[in-house]
Number of protein chains: 2
Amino acid sequence: MSRASDRAYAIIRDMILAGELLSGAKIGEEALAEQCGVSRTPIREALSRLEAELLIRRSDTQRSFVADWSLDDVEEMFELRGLLESRAARRAAKRINWSQIERLKMHHEAIGHAIYAATPDTHRFIEHNHLFHGVILEASASAQLTTMLARIVERPIVHRTAQNYSFDDLKRSHRQHGELLAAFEHRDPVWAEAVMVSHIRRAFHAYASAHTGQRITDVSQAAE
Amino acid sequence: MSRASDRAYAIIRDMILAGELLSGAKIGEEALAEQCGVSRTPIREALSRLEAELLIRRSDTQRSFVADWSLDDVEEMFELRGLLESRAARRAAKRINWSQIERLKMHHEAIGHAIYAATPDTHRFIEHNHLFHGVILEASASAQLTTMLARIVERPIVHRTAQNYSFDDLKRSHRQHGELLAAFEHRDPVWAEAVMVSHIRRAFHAYASAHTGQRITDVSQAAE
DNA sequence: CGACAGCTTAATGTATACAATGCCAAAACG
DNA sequence: CGTTTTGGCATTGTATACATTAAGCTGTCG
C-alpha cells in the first residue's frame, strides 16, 4: 500500500464512497493528481482500476465520470454477486479446512458482539462481515471467482447496504452466517449455496426498501 | 484502435494466443516496448488489461509472466462462463427484440454455411459464433455481465476450443444455437438458460477430451 | 560446504514534458 | 436568426528521464 498508485486509488475510492464526488461528475486526471499529491501517471492507473470496478465510467473519448447507479443497475449487481458468491460457497463447502472454519467462527462471534453490544457497532459489523465473506472466497480456491468478486464487493452500494440495516436485518444476517457455518461444517455444497443465495438476496431487498422513492444515485443522501 | 496502447494490447495478446510466448515465461516491459515499437507507458496499460483478463499473471513484486492454465483452471473458467452466459441468455430471452433475433438468425445461417461447405471453414465458424454470442449479450442489456464476460471470452482457451472441434462438435454446436434461437423466439428464459448451460458445458468437454493426457498449458502444442 | 550480506544489475514505479485529440465558444456565413 | 466552421483551450495519450525496489551474484564468514 505504499505505492503512489495504491494511495491514489484509495483516496479517490474513498472520495466516491463518502459522496464528496457527486454521481455523474466529471473528474479530470490533473485535478485528482493535485488532490492526491501525486503525478498523473499513478492517477491513470488508479482510474483504470476504478473503471474495472465500475465505480467510474468513461465516455467514448475517455473522459472519466463518477458512475451513477439506477435501481436496476443495483439489482443487477446484487444478482451477479449472488450468482458468483453462491458458487463460491458451493466450492468452499467441498474444500474448506479446519482453520478456515475456525476463522469463520471467530468473525461470526465478532459480528455477534458488534450487533448485541449496548449500541450496535456498524463499522465493526461491516469489517468482520467482509472478512467472513473473504474466508469463504479463500476456501473456494478459485482465483477467477476471487478476481471477479473483488470487482463487485468493493463497490459503494455494498458498503452502504449494511449501513442501512435495521436491527432486525443485522440479526437476520448474523443468523444466516450461522447457517452458512453449519453448512460448511457438514460439508454440504447444496446447502451452502442455497443459504448464500438467500443471504445476498436479502441484502438487496434491505437496500431496495431503504431507497425506494429516493434518488439512489444521490450518494450524499445514501451515505447517511 | 489507433491508440498505441490498443495496438500494444493486440500485439501482446496475439503473441500469447499464437504461442510465441511460452506459458510461465517472464515478460519485461522494456522488451515488449521494443517489439511493439512504442514506449513503456502504453505497454503498462496493455499489461493491466491483460492481467485483468488473466492472460498474464503478476508476481508479488509485479513482475509479469504469461499465465499457465491447469485443466482445473480451464474447467473453472468454463464453469464461470457457463454461469454468466446462461444468466445472460435468461435475461436476453425476456428482452430480445425482433432485429436482434434477425441478426442471430443471420449468424446462425453463416455458421451453417461454414460447417457444411466442401471444407468446413473454422475461421468463419469462430467469427460468427463470437458474433452470435455477442448479440445475446447485447440483448441481455447488462453492462456488468458484458464487462465480466468480455474478460473471459477473449482468453486463448476459448479461441482454441473451437479449433479442436470435430465435425460432430461443430454440428452439435450449430444445433444448440438453433435451440437457443427457438427459446428466444418463444421468449422462454428457462429454456434459453438451460440450453446455454448445456452448450457451454459441451464446449468444455470438447476441450478436455482434445487435451487429455496432454500438457494443456503448452500453448504452442495446443494451438495446432 | 553452505548460508548470509552487501553490492551490482536490471526491472518496475513515478514525474514531467510534449503531442494529439476532443470540447467549447465565438464568429462568419447562409 | 440558425447553422456551421474555425480557432483556442482543456484534457487525455505518449515518450523519456529519473527514482525506487527487487533479483542475482559474489565473496566472505560460520
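Worth knowing before you read on, the calculation uses all heavy atoms, side chains too, and leaves out hydrogens, waters and symmetry mates. Proteins come first, then strands; the chains are lettered A, B, ... in the order of their sequence lines, and each starts at number 1.
Counting only N and O atoms by type, the side chains of T61(B) and S59(B) include a donor and acceptor under 3.5 Å apart.
Here dT20(D) presents its P atom at 12 Å from CZ of R7(A), a figure rounded to the nearest Å. Rounded to whole Å, the distance from CD on E45(B) to P on dT14(D) is 7 Å. Taking atom CZ of R40(A) as the reference point, atom C1' of dA19(C) lies 11 Å away to the nearest angstrom. We find that CG of L47(A) is positioned 11 Å from C1' of dT12(D), with the value rounded to whole Å. Atom P of nucleotide dT21(C) and atom CD of Q62(A) are separated by 13 Å, given to the nearest angstrom. Computed from coordinates, the Y9(A) OH to dT14(C) P distance equals 16 Å when rounded to whole Å. If you measure from atom CG of D60(A) to atom P of dT21(C), you get 15 Å, rounded to the nearest angstrom. Rounded to an integer number of Å, the gap from E30(B) CD to dT9(C) C1' is 14 Å.
A distance-only check finds no donor-acceptor pair linking the side chain of S173(B) to the backbone of L170(B) [under 3.5 Å].
Closest approach to the S39(B) side chain among dT14(C), dG13(C), dA15(D) is made by dA15(D) (side chain taken as heavy atoms from C-beta onward). For P42(A), taking side-chain heavy atoms from C-beta onward, the closest of the listed nucleotides dT14(C), dT11(D), dG13(D) is dT14(C). Here dT14(C) is the nucleotide among dG13(D), dT14(C), dA11(C) with the atom lying nearest to any side-chain atom of R44(B).
Backbone-only engagement by I27(A) is indicated by non-hydrogen atom pairs under 4.0 Å involving sugar-phosphate atoms exclusively. Nucleic acid contact class of T61(B) (heavy atoms, under 4.0 Å, all strands): sugar-phosphate only. Within 4.0 Å of I43(A), counting heavy atoms only, lies no atom of the nucleic acid at all.
Taking only side-chain nitrogens and oxygens, S5(B) never comes nearer than 4.0 Å to OP1 or OP2 of dG13(D).
In this view, F78(B) and F204(B) satisfy the ring pair (Phe, Tyr, Trp, His ring centres under 6.0 Å) rule, not counting sequence neighbours.
For the residue pair I126(A) and A162(A), the shortest heavy atom distance occurs at CG1-CB, 3.7 Å.
Projected onto DNA chain C by closest heavy-atom contact, T41(A) and R63(A) fall at different nucleotides, the more 5' of which corresponds to T41(A). Mapped onto DNA chain C by nearest heavy atom, S64(B) and G37(A) fall at different nucleotides, with S64(B) at the one closer to the 5' end.
Ring-plane geometry between Y165(B) and F125(B) is classed as perpendicular, the angle between the planes exceeding 60 degrees on a 0 to 90 degree scale with a lower cut at 30.
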